[in-house]
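Since the structure comes first, as structure tokens, the remarks are kept for the end.
The structure presented is a predicted model; accordingly, all values stated were derived computationally and were not measured. Values below: all heavy atoms of this structure, side chains included; hydrogens, waters and symmetry mates excluded.
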Amino acid sequence: MSVDVLVVDDDFMVASIHRRFVERVPGFRVVGEAHTGADALAAVDRLRPDLVLLDVHLPDVSGIEVLRRLRAAGHDVGVVIITAAREADTVRAAAAGGAAHYLVKPFASEDLAARLAEFLRTRQALAGLGGADADQEDVQADIDAVFARSPQGAPRAPLPKGLSPETADAVLAALAHGGEVSATECADAIGVSRVSARRYLEHFATTGRAAVRLNYGTAGRPERRYRLS
């Protein structure tokens, strides 16, 4: 099953890099590039890609607006948001628009490859649904494969009461972008309180999604610093 990809980024050089990243992944091919929101919408109509790698910061309209217009027009094309934007509102809007993943720049080719592989697994699971002779347990397994995923491609563990999936995704995005952050740095990056950010970070540390390092300063309590595991 081959996946046709449209790369959308306002920077021609960045788009070229993303093209090369995609072409390293078996089963994926780039069928076009676009550098504005208008061009992206036209390219989806013309090329009918299976997946769009969509930047948020475009010169005419935002990538989030492109996503909204695609959905309003009835396009169910897969979308992976690729951007430097880390704000919770942007992450929330991407999730609401049905983006498959949200990847924060800069990133390594392996990071994109993992999201592409997860997208392909989900697509294959969808393709296996609906057969009249399919066993119910097999159908349920395929449905679970579609819904039980996170932005990092792993099953999403249930969140404790009071924690929202949208903010959790924003915290993970901040971790992916920053490498190693404190609760205060994470809070500043996504626009929540330090106490709230620490709750999410400690949850990810407890569930194994994040690792914690104690930074011993010259005075006072050591600072807890978090990074993705």
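Nearest heavy-atom pair, Val212 versus Ala205, reported as atom, atom and distance to 0.1 Å: CG2-CB, 3.6 Å. Heavy atoms only, all atoms of each residue included: Leu6 and Ala34 are closest at CD1-N, 4.3 Å. Across all their heavy atoms, Val77 and Pro49 have their closest contact at CG2-O, 3.3 Å. The two residues Thr90 and Ile64 have their closest heavy-atom pair at O-CD1, 3.9 Å. In plain terms, the two heavy atoms of Ala113 and Val25 that are nearest each other are CB-CG2, 3.8 Å. Across Ala15 and Val7, no two heavy atoms sit closer than the pair O-CG1, 3.8 Å.
Shown here is Arg92, whose CZ atom has more than 12 heavy atoms of other residues, nucleotides or ligands within 6.0 Å.
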| request: Start with the C-alpha distance between Arg209 and Thr206, add both sets of side-chain angles, then the distance that settles side chain to side chain contact (heavy atoms under 4.5 Å, CB included), and finish with yes or no. | output: CA-CA 8 Å; Arg209 297 295 301 281; Thr206 300; over 6 Å; no
| message | Please determine whether side chain to side chain contact (heavy atoms under 4.5 Å, CB included) holds for the pair Leu201 and Leu175, giving the CA-CA distance in whole Å, both sets of side-chain angles, and the decisive distance to 0.1 Å. | response | CA-CA 9 Å; Leu201 290 166; Leu175 284 170; 3.9 Å; yes
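Transitive grouping of hydrophobic side chains (ILVMFWY, heavy atoms separated by less than 4.5 Å) keeps Val104 and Val14 in distinct clusters.
A donor-acceptor pair is defined here as one N or O able to donate and one able to accept, closer than 3.5 Å; such a pair exists between the side chain of Asp111 and the backbone of Ala108. Side-chain atoms of Asp60 come within 3.5 Å of backbone atoms of Gly37 as a donor-acceptor pair (strictly under, hydrogens ignored). In terms of modelled atom types and a separation under 3.5 Å, the side chain of Arg225 and the main chain of Glu180 share a donor-acceptor contact. Here the side chain of Glu185 pairs a donor or acceptor atom with the backbone of Ser182 at under 3.5 angstrom.
Considering only heavy atoms from C-beta on, Leu54 comes within 4.5 Å of Val66 through its side chain. Within the 4.5 Å cutoff, the side chain of Val171 has heavy atoms near those of the Cys186 side chain. Annotation: side chain of Arg69 is in contact with side chain of Val61 (closest heavy-atom distance under 4.5 Å). Put simply, the side chain of Asp10 reaches to within 4.5 Å of the side chain of Pro59, judged on heavy atoms. Using a 4.5 Å heavy-atom cutoff, the side chains of Arg213 and Arg227 are not in contact. Residues Tyr102 and Arg115 are not in side-chain contact: their nearest non-hydrogen atoms beyond the backbone lie 4.5 Å or more apart. Two residues are said to be in side-chain contact when any heavy atoms from C-beta on lie closer than 4.5 Å; Val52 and Val80 fail this criterion. Between Phe107 and His18, the closest side-chain pair of non-hydrogen atoms falls below 4.5 Å.
In terms of the side chain to side chain contact (heavy atoms under 4.5 Å, CB included) criterion, residue partners of Val22 (sequence neighbours excluded) are, by chain and number, Val5, Phe28, Val30, Leu53, Leu112, Leu116. Residues passing the side chain to side chain donor-acceptor pair (under 3.5 Å) test with Thr184: none are found, sequence neighbours excluded. Remark: Arg24 pairs with Ser109 by the side chain to side chain donor-acceptor pair (under 3.5 Å) rule, at least two apart or across chains. Among residues two or more places apart in sequence or in another chain, the salt bridge (charged side-chain N to carboxylate O under 4.0 Å, His left out) test is passed with Asp188 by none. Scanning for salt bridge (charged side-chain N to carboxylate O under 4.0 Å, His left out) contacts around Glu87 gives an empty result, with sequence neighbours left out. Residues that satisfy the salt bridge (charged side-chain N to carboxylate O under 4.0 Å, His left out) test with Arg46, not counting sequence neighbours, are absent from this structure. The side chain to side chain donor-acceptor pair (under 3.5 Å) search around Asp39 returns Thr36, not counting sequence neighbours. Residues meeting the salt bridge (charged side-chain N to carboxylate O under 4.0 Å, His left out) test with Asp4, sequence neighbours left out: Arg29. Among residues two or more places apart in sequence or in another chain, the side chain to side chain contact (heavy atoms under 4.5 Å, CB included) test is passed with Ala73 by His75. Here Arg71 pairs with nothing under the side chain to side chain donor-acceptor pair (under 3.5 Å) rule; sequence neighbours left out.
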Side-chain donor-acceptor pairs of residues 191-200 under 3.5 Å, sequence neighbours excluded:
| unit_1 | atom_1 | unit_2 | atom_2 | d |
| --- | --- | --- | --- | --- |
| Ser193 | OG | Ser196 | N | 3.1 |
| Arg199 | NH2 | Lys161 | O | 3.2 |
| Tyr200 | OH | Ser164 | N | 2.8 |

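Applying the ring-ring contact (aromatic ring centres under 6.0 Å, His included) definition to pairs two or more places apart or across chains, those involving residues 30-71 are Phe12-His35.
To the nearest 0.5 Å, the span separating CG on Leu67 from CD1 on Ile81 amounts to 5.5 Å.
Salt-bridge annotation for Asp11 and Lys105: absent, with no side-chain N of the basic residue lying under 4.0 Å from a carboxylate O of the acidic one.
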